Amino acid sequence: MHERLSHKQSAAMMALMVHGQEMSNPQLRKEAGFALDGKDRLKLNEKYVSSRKSGRAFVHQLTDDGWVWCEEELAALTPPKPVRSTLTVVAYLALNRFFEYLRLHDVSLKDVFTGGEAPPAADLEEQIRTAYRKLARSPRGWVGLADLRPLLGGAASTEVDAVLKQLSRTGQAHLVPESNRKALTPADREAAVRIGGEDNHLLSIEAS
């Protein structure tokens, strides 16, 4: 079940989502009018936000679970209680429509706000195809994304995700979840590509 957070905690999550990368408390104060500290920071650090000290200020970034929370929050039609303004209610309605559009087109919030949907370089696609051929035991065989990613020369995960999603959308590749969830390792979970609210761990590429 989706966890509803307090208004300040939700606002911090949304600010980090829109920023798309690490954000310091001074930046939060400047852009959102508050800092993430005290009990609110400790609550979000349990699962949704990673925080570290940089100089004298805390710096925050959404975790993978944090991105999932944002997706689920935008799927809600109502803000967390108590509702304090009509504008907040209308904003949630607008955000819900925005999220539904992204979900319809298999685009994640993380792709939107971290630049993952930028047109990928052609050579990254070729790197993926080359790595796939090295790992696949047969034509169109299934390959684990956890095995594929280390062969891509340190390419950013968002860029790799964008290429894989494009290949999937055009029918040149197929991404599916591991059916035996008990067999998944932490590396498998981290390497997964999320499409339509589902984590996919295995890749098959059509012969070119």
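For clarity, every value in this text was computed on a predicted model and none was experimentally measured.
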Criterion side-chain contact (heavy atoms from CB on, under 4.5 Å) on Y92 and L77, from CA distance to verdict: CA-CA 6 Å; Y92 261 75; L77 288 171; over 6 Å; no
Decide yes or no on side-chain contact (heavy atoms from CB on, under 4.5 Å) for K53 and F58, but give the supporting numbers first. CA-CA 5 Å; K53 260 303 190 54; F58 273 103; 3.8 Å; yes
Would you check, one step at a time, whether the test side-chain contact (heavy atoms from CB on, under 4.5 Å) holds for R140 with H174? CA-CA 9 Å; R140 297 194 296 270; H174 306 281; 6.0 Å; no
Quick one: do E31 and M23 satisfy side-chain contact (heavy atoms from CB on, under 4.5 Å)? Show the steps, please. CA-CA 10 Å; E31 297 183 24; M23 196 175 192; 3.3 Å; yes
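Rounded to the nearest 0.5 angstrom, L36 CG and H60 NE2 are separated by 4.0 Å. Rounded to the nearest 0.5 Å, atoms CD (E73) and CZ (R4) are 4.0 Å apart. Taken from CG in L164 to CD1 in I128, the straight-line distance is 4.5 Å, to the nearest 0.5 Å. Separating the OG atom in S24 from the CZ atom in R29 is a distance of 8.5 Å, to the nearest 0.5 Å. Interatomic distance, L16 CG to M14 CE, rounded to the nearest 0.5 Å: 11.0 Å. One distance of note links CG of L151 with OG1 of T130; it measures 10.0 Å at 0.5 Å rounding.
Remark: the backbone N or O of K47 is paired with a side-chain donor or acceptor of T63 at under 3.5 angstrom. A donor-acceptor contact shorter than 3.5 Å links the side chain of D188 to the backbone of T185. Under a 3.5 Å cut-off, the side chain of N200 and the backbone N or O of R194 do not form any donor-acceptor pair.
A173 and I205 get closest at one heavy-atom pair: CB-CG1, 4.0 Å. A pairwise comparison of heavy atoms in A155 and V160 identifies CB-CG2, 3.8 Å as the closest pair. Heavy-atom minimum distance, S168 versus I195: OG-CD1, 4.4 Å. Of all heavy-atom pairs spanning D199 and P177, the tightest one is O-CB, 3.4 Å. Shortest non-hydrogen contact noted between A136 and G141 is CB-O, 4.5 Å. Between A75 and F99 the shortest heavy-atom distance is CB-CE2, 3.7 Å.
A salt bridge does not link R149 with E190: none of the charged nitrogens is closer than 4.0 Å to a carboxylate oxygen.
Contacts classified as ring-ring contact (aromatic ring centres under 6.0 Å, His included) and involving residues 1-46 (residues at least two apart or in different chains) are given here: H2-W69.
A continuous path of ILVMFWY side-chain contacts below 4.5 Å connects V193 to L167, so both sit in one hydrophobic cluster.
For the pair R41/V49, no side-chain contact is recorded, criterion being any heavy-atom separation below 4.5 Å from C-beta on. Contact annotation: the side chain of L5 approaches that of K43 to within less than 4.5 Å [non-hydrogen atoms, C-beta and beyond]. Side-chain atoms of R129 and Q172, non-hydrogen and from C-beta on, do get closer than 4.5 Å to each other.
The number of heavy atoms from other shown groups lying within 6.0 Å of CZ (R97) does not exceed 12.
The hydrophobic cluster containing L184, built from Ile/Leu/Val/Met/Phe/Trp/Tyr side-chain heavy atoms closer than 4.5 Å, comprises no other residue.
Each of N25, D37, N45 was scored for a side-chain hydrogen bond (donor to acceptor under 3.5 Å, both in side chains) with S51, with one residue passing: N45.
With sequence neighbours excluded, the residues satisfying side chain to side chain contact (heavy atoms under 4.5 Å, CB included) with L202 are W142, V176, E178.
Looking only at atom types and distance, the side chain of D161 has no donor-acceptor partner in the side chain of T158 under 3.5 Å away. Side chain to side chain, Q9 and Y48 fail the donor-acceptor criterion of an N or O pair below 3.5 Å.
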